[in-house]
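To start, the structure itself, in structure tokens.
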Number of protein chains: 2
Amino acid sequence: MTKPQDVFARYLADQNLKMTPQRRLILDTFLKQNDHLSSEELYAKVKRRDKSVGQATVYRTLKLLNESGLIEPLDFADGVTRYEMSYGESHHDHLICESCGENIEILDETIEARQEELARQHGYTLTRHKMYLYGICEKCRKKK
Amino acid sequence: MTKPQDVFARYLADQNLKMTPQRRLILDTFLKQNDHLSSEELYAKVKRRDKSVGQATVYRTLKLLNESGLIEPLDFADGVTRYEMSYGESHHDHLICESCGENIEILDETIEARQEELARQHGYTLTRHKMYLYGICEKCRKKK
DNA sequence: GTAACTGCAAAGGGTTTGCATATTG
DNA sequence: CAATATGCAAACCCTTTGCAGTTAC
């Protein structure tokens with residue numbers, strides 16, 4: 001499969017945009033720690049490698065990475081937008097602990113199938129979906 | 001069933017909080033147009049009935065209404081928090097047309113059950129979930 | 001009476017934007 | 001060299017908070 005770096009380069013070229021050291025560094029940093037990073041967290045990591053990079057550039061680059069199809073915004077309802085790699089990764093949903101923030105990736109074929117079916121019943125063609133399960137994990141429950 | 005107004009009054013009394021004309025008006029306005037209102041939209045409607053009400057009071061009252069169990073925050077990822085009546089309403093998810101914005105409320109027992117089961121398997125106690133299905137509705141599909 | 005509530009305006013947090021300068025293709 | 005990107009700081013949007021004065025219980 002094409003490397004993420006190449007996908008991004010390709011996207012930029014197609015849009016008449018330019019590859020820059022900053023964009024390279026930001027994507028690279030994101031790829032290294034492919035967690036569910038927020039823009040600010042990524043900014044901190046990027047800054048460790050190159051102090052001169054500005055916060056706005058990180059925000060702008062994340063937007064481009066999203067448009068290029070490499071990453072996707074997540075919504076953990078914690079006030080910040082987080083991103084995860086979507087290119088070459090299989091789809092999954094999230095199970096989130098409301099107490100400690102732990103985040104488990106889940107996938108259930110029964111649910112996926114029912115979602116398609118439900119949409120179809122309403123005359124919809126499904127393009128995507130978001131499902132977040134919020135709860136309390138075992139550790140946190142026992143702490144109380 | 002107990003009226004929403006009474007549920008709210010009861011909640012306030014229990015918490016040693018006070019019923020005020022503003023709180024009454026805000027709940028009343030919300031009940032009248034039980035859409036998926038944002039705080040600002042509600043504020044605009046409230047203001048039409050009483051110009052003297054402040055924006056902060058609407059925010060504060062929505063928080064109280066949520067705590068009382070009457071309403072619940074929604075997250076359509078459009079930058080604002082919206083609320084919908086939850087008291088006396090059955091839980092449901094949303095099927096949204098990406099083209100025209102149509103929003104259908106859906107509920108599927110198979111999915112609900114699987115969600116509980118999935119959480120349980122990971123040691124989680126589920127408190128809530130969000131599921132949004134995005135697609136294209138029949139009308140929009142045929143328009144093209 | 002006194003704890004809770006109000007409106008106002010200011011502050012807050014995350015994100016975006018305007019601008020002068022620097023860089024890419 | 002022309003179009004894009006950059007860093008900085010200011011602006012932005014939605015929401016929360018501090019405060020002095022008001023009101024419900």
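Lettering of chains follows the sequences in order, A, B, ..., and the numbering in each one begins at 1.
- Taking a cutoff of 4.0 Å between a charged side-chain nitrogen and a carboxylate oxygen, A:Glu117 and A:Arg120 qualify as a salt bridge.
- The shortest side-chain heavy-atom distance between B:Leu27 and B:Leu65 falls under the 4.5 Å cut-off.
- A 4.5 Å side-chain heavy-atom check between A:Glu112 and A:Asp93 finds at least one atom pair inside the cut-off.
- Rounded to the nearest 0.5 angstrom, A:His92 NE2 and A:Ile106 CD1 are separated by 9.5 Å.
- A:Leu107 shares a hydrophobic cluster with no other residue; no ILVMFWY side chain has heavy atoms under 4.5 Å from its own.
- Residues B:Thr29 and B:Ile26 are not in side-chain contact: their nearest non-hydrogen atoms beyond the backbone lie 4.5 Å or more apart.
- In this structure, the ring of B:His36 has its center less than 6.0 angstrom from the ring center of B:His94.
- Note that the first and last nucleotides of DNA chain C, 5' to 3', having any atom under 4.0 angstrom from a heavy atom of chain B are C:dA3 to C:dC8.
- For A:Leu25 and D:dA5, the CG to C1' distance is 15 Å, given to the nearest whole Å.
- Shown for residues 43-51 of chain B: no residue has heavy atoms falling under 4.0 angstrom of DNA chain C.
- Residues from residues 56-67 of chain B placing a heavy atom under 4.0 Å of any atom in DNA chain C, listed by number, are B:Ala56, B:Thr57, B:Arg60.
- Counting heavy atoms from C-beta on, the side chains of B:Tyr83 and B:Leu37 never come closer than 4.5 Å.
- Counted within 6.0 Å of CZ on B:Arg10, heavy atoms from surrounding residues, nucleotides or ligands total 12 or fewer; the atom is thus considered open.
- Residues A:Lys63 and A:Tyr59 bring no donor and acceptor atom of their side chains to less than 3.5 Å of each other.
- The side-chain hydrogen bond (donor to acceptor under 3.5 Å, both in side chains) test with A:His91 is passed by exactly one of A:His129, A:Glu72, A:Glu105: A:His129.
- Here A:Gln22 reaches the OP1 or OP2 of D:dG7: one of its side-chain N or O atoms lies under 4.0 Å away.
- Taking a cutoff of 4.0 Å between a charged side-chain nitrogen and a carboxylate oxygen, B:Lys142 and B:Glu138 qualify as a salt bridge.
- Sequence order on DNA chain C of the closest nucleotides to B:Arg23 and A:Arg82 puts B:Arg23 first from the 5' end.
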For nucleotides 21-25 of chain D, print each protein N/O atom paired with a nucleotide N/O atom at under 3.5 Å, atom names and distance only.
{"unit_1": "D:dA24", "atom_1": "O3'", "unit_2": "B:Met19", "atom_2": "O", "d": "3.3"}
{"unit_1": "D:dA24", "atom_1": "N3", "unit_2": "B:Lys18", "atom_2": "NZ", "d": "3.2"}
{"unit_1": "D:dC25", "atom_1": "OP1", "unit_2": "B:Met19", "atom_2": "N", "d": "3.3"}

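- For B:Asn66, the side-chain hydrogen bond (donor to acceptor under 3.5 Å, both in side chains) test picks out no residue, with sequence neighbours left out.
- Here D:dC14 presents its P atom at 17 Å from CG of B:Leu74, a figure rounded to the nearest Å.
- Among the protein residues, A:Ser52 comes within range of the sugar-phosphate backbone only, with heavy atoms under 4.0 Å from sugar or phosphate atoms but none that close to a base.
- Using a 4.0 Å heavy-atom cutoff across all strands shown, B:Ser38 reaches no nucleic acid atom at all.
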